[in-house]
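These notes are about the structure you will find just below.
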Amino acid sequence: QVQLVESGGGLVQPGGYLRLSCAASGLPFSSYVMSWFRQAPGKEREYVAGMKWSSGSAAYADSVKGRFIISRDNAKNTVYLQMDSLTPEDSGVYYCAADRATVILIDARWYDYWGQGTQVTVSS
C-alpha cells in the first residue's frame with residue numbers, strides 16, 4: 001500500500017521558515033519523481049518543487065527559486081521541503097506527490113499518488 005504522509009506545516013510570520021516532510025512507503029521510490037504542490041483557497045493546485053529520487057536533480061517553480069530547497073533522505077524514505085523567507089503568498093495546503101517518470105513534470109494530472117496535505121499559513 002502506497003503512503004505519502006506530510007508533516008511540518010503550521011503558522012509562521014512573514015520572513016520566517018518551515019521544513020515540510022513527506023514520509024513515503026510502498027513503492028520503489030528510486031524510480032519515481034517526488035514533488036511538492038500547493039493549493040490556496042479558490043486557486044488551482046500549483047507545482048512548487050520536484051526531485052528525481054534516483055539522481056537528486058531538482059526543479060523549482062519561479063516563485064520559490066532561491067527560497068525553497070527540496071531534498072531527500074534515502075535511509076528514511078523521506079522528502080523534505082525547506083521553505084525560507086516565507087510570504088503570505090506561500091500560504092496554502094502543501095501536498096507531496098509521486099510520479100513514476102524519468103523527468104520532473106509540473107502538471108499535477110501526471111502524478112499517481114498524493115498525500116493528505118499539510119497546512120501552511122504565513123501571517124503576522
Side-chain angles (χ1 to χ4, degrees):
Q1 182 181 0
V2 177
Q3 279 195 314
L4 302 176
V5 181
E6 302 98 333
S7 61
L11 172 64
V12 63
Q13 292 188 341
Y17 63 91
L18 284 173
R19 188 176 81 154
L20 306 183
S21 300
C22 172
S25 61
L27 282 175
F29 289 100
S30 60
S31 302
Y32 279 71
V33 165
M34 302 296 294
S35 292
W36 288 94
F37 289 79
R38 66 187 181 190
Q39 188 166 20
K43 294 187 176 180
E44 292 189 357
R45 193 167 297 190
E46 66 169 348
Y47 172 84
V48 175
M51 168 178 281
K52 291 176 64 176
W53 193 291
S54 57
S55 66
S57 60
Y60 298 89
D62 287 344
S63 59
V64 306
K65 276 181 184 175
R67 300 188 299 123
F68 290 13
I69 298 175
I70 187 171
S71 63
R72 74 194 187 300
D73 184 327
N74 288 332
K76 296 182 179 179
N77 266 5
T78 299
V79 176
Y80 302 99
L81 186 67
Q82 178 68 39
M83 308 187 296
D84 296 329
S85 302
L86 286 163
T87 73
E89 289 69 36
D90 294 315
S91 297
V93 178
Y94 281 68
Y95 298 91
C96 176
D99 174 29
R100 186 179 178 92
T102 57
V103 294
I104 300 171
L105 300 175
I106 66 172
D107 188 337
R109 292 173 295 179
W110 288 105
Y111 286 75
D112 305 304
Y113 302 101
W114 292 84
Q116 82 288 350
T118 185
Q119 177 72 46
V120 171
T121 303
V122 185
S123 175
S124 55

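Fair warning: this is a prediction, and the values are worked out from it, not measured in the lab. Residue numbers run from 1 in the order of the sequence given. Side chains included, hydrogens not; waters and symmetry mates left out as well; all remaining heavy atoms used.
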Would you list the pairs meeting ring pair (Phe, Tyr, Trp, His ring centres under 6.0 Å) in which at least one residue belongs to residues 104-124, sequence neighbours left out? F37-Y111, F37-W114

Sorted by first residue and then second, give each ring pair (Phe, Tyr, Trp, His ring centres under 6.0 Å) pair with at least one member in residues 55-91; sequence neighbours left out. none

R38 pairs by side-chain contact (heavy atoms from CB on, under 4.5 Å) with which of V64, V120, V93? V64

State which residues pass salt bridge (charged side-chain N to carboxylate O under 4.0 Å, His left out) with K65; sequence neighbours excluded, sorted by chain then number. D62

Would you mind listing every side-chain hydrogen bond (donor to acceptor under 3.5 Å, both in side chains) that reaches into residues 67-77, with sequence neighbours excluded? W53-N74, R67-D90, R72-N74

Going by the side-chain hydrogen bond (donor to acceptor under 3.5 Å, both in side chains) test, which pairs reach into residues 11-32, not counting sequence neighbours? none

For A59 against I104, the heavy-atom pair lying closest together: N-CD1, 3.9 Å

Could you see if [X] belongs to whatever hydrophobic cluster contains [Y]? Use Ile, Leu, Val, Met, Phe, Trp, Tyr and a side-chain cutoff under 4.5 Å.
| X | Y | answer |
| --- | --- | --- |
| L105 | W36 | no |
| I69 | V79 | yes |
| Y47 | M34 | no |

For [range], which residue pairs qualify under disulfide bond (SG atoms under 2.5 Å apart), counting only residues two or more places apart or in two chains?
| range | value |
| --- | --- |
| residues 10-65 | C22-C96 |
| residues 55-92 | none |
| residues 57-94 | none |

Quick test of your reading: applying salt bridge (charged side-chain N to carboxylate O under 4.0 Å, His left out), list the pairs with at least one residue in residues 112-124, sequence neighbours left out, ordered by first then second residue. none

Give me each pair satisfying salt bridge (charged side-chain N to carboxylate O under 4.0 Å, His left out) with a member in residues 96-105, each pair once, sequence neighbours excluded. none

Determine whether a donor-acceptor pair (N or O, by modelled atom type, separation under 3.5 Å) exists between the side chain of T121 and the backbone of L11. no

Counting N and O atoms only, with roles assigned by atom type, does the side chain of E6 sit under 3.5 Å from a partner on the main chain of G117, one being a donor and the other an acceptor? yes

Y95: partners by side chain to side chain donor-acceptor pair (under 3.5 Å), with sequence neighbours left out: none

Can you name the residues that form a side chain to side chain donor-acceptor pair (under 3.5 Å) with S55, not counting sequence neighbours? S57

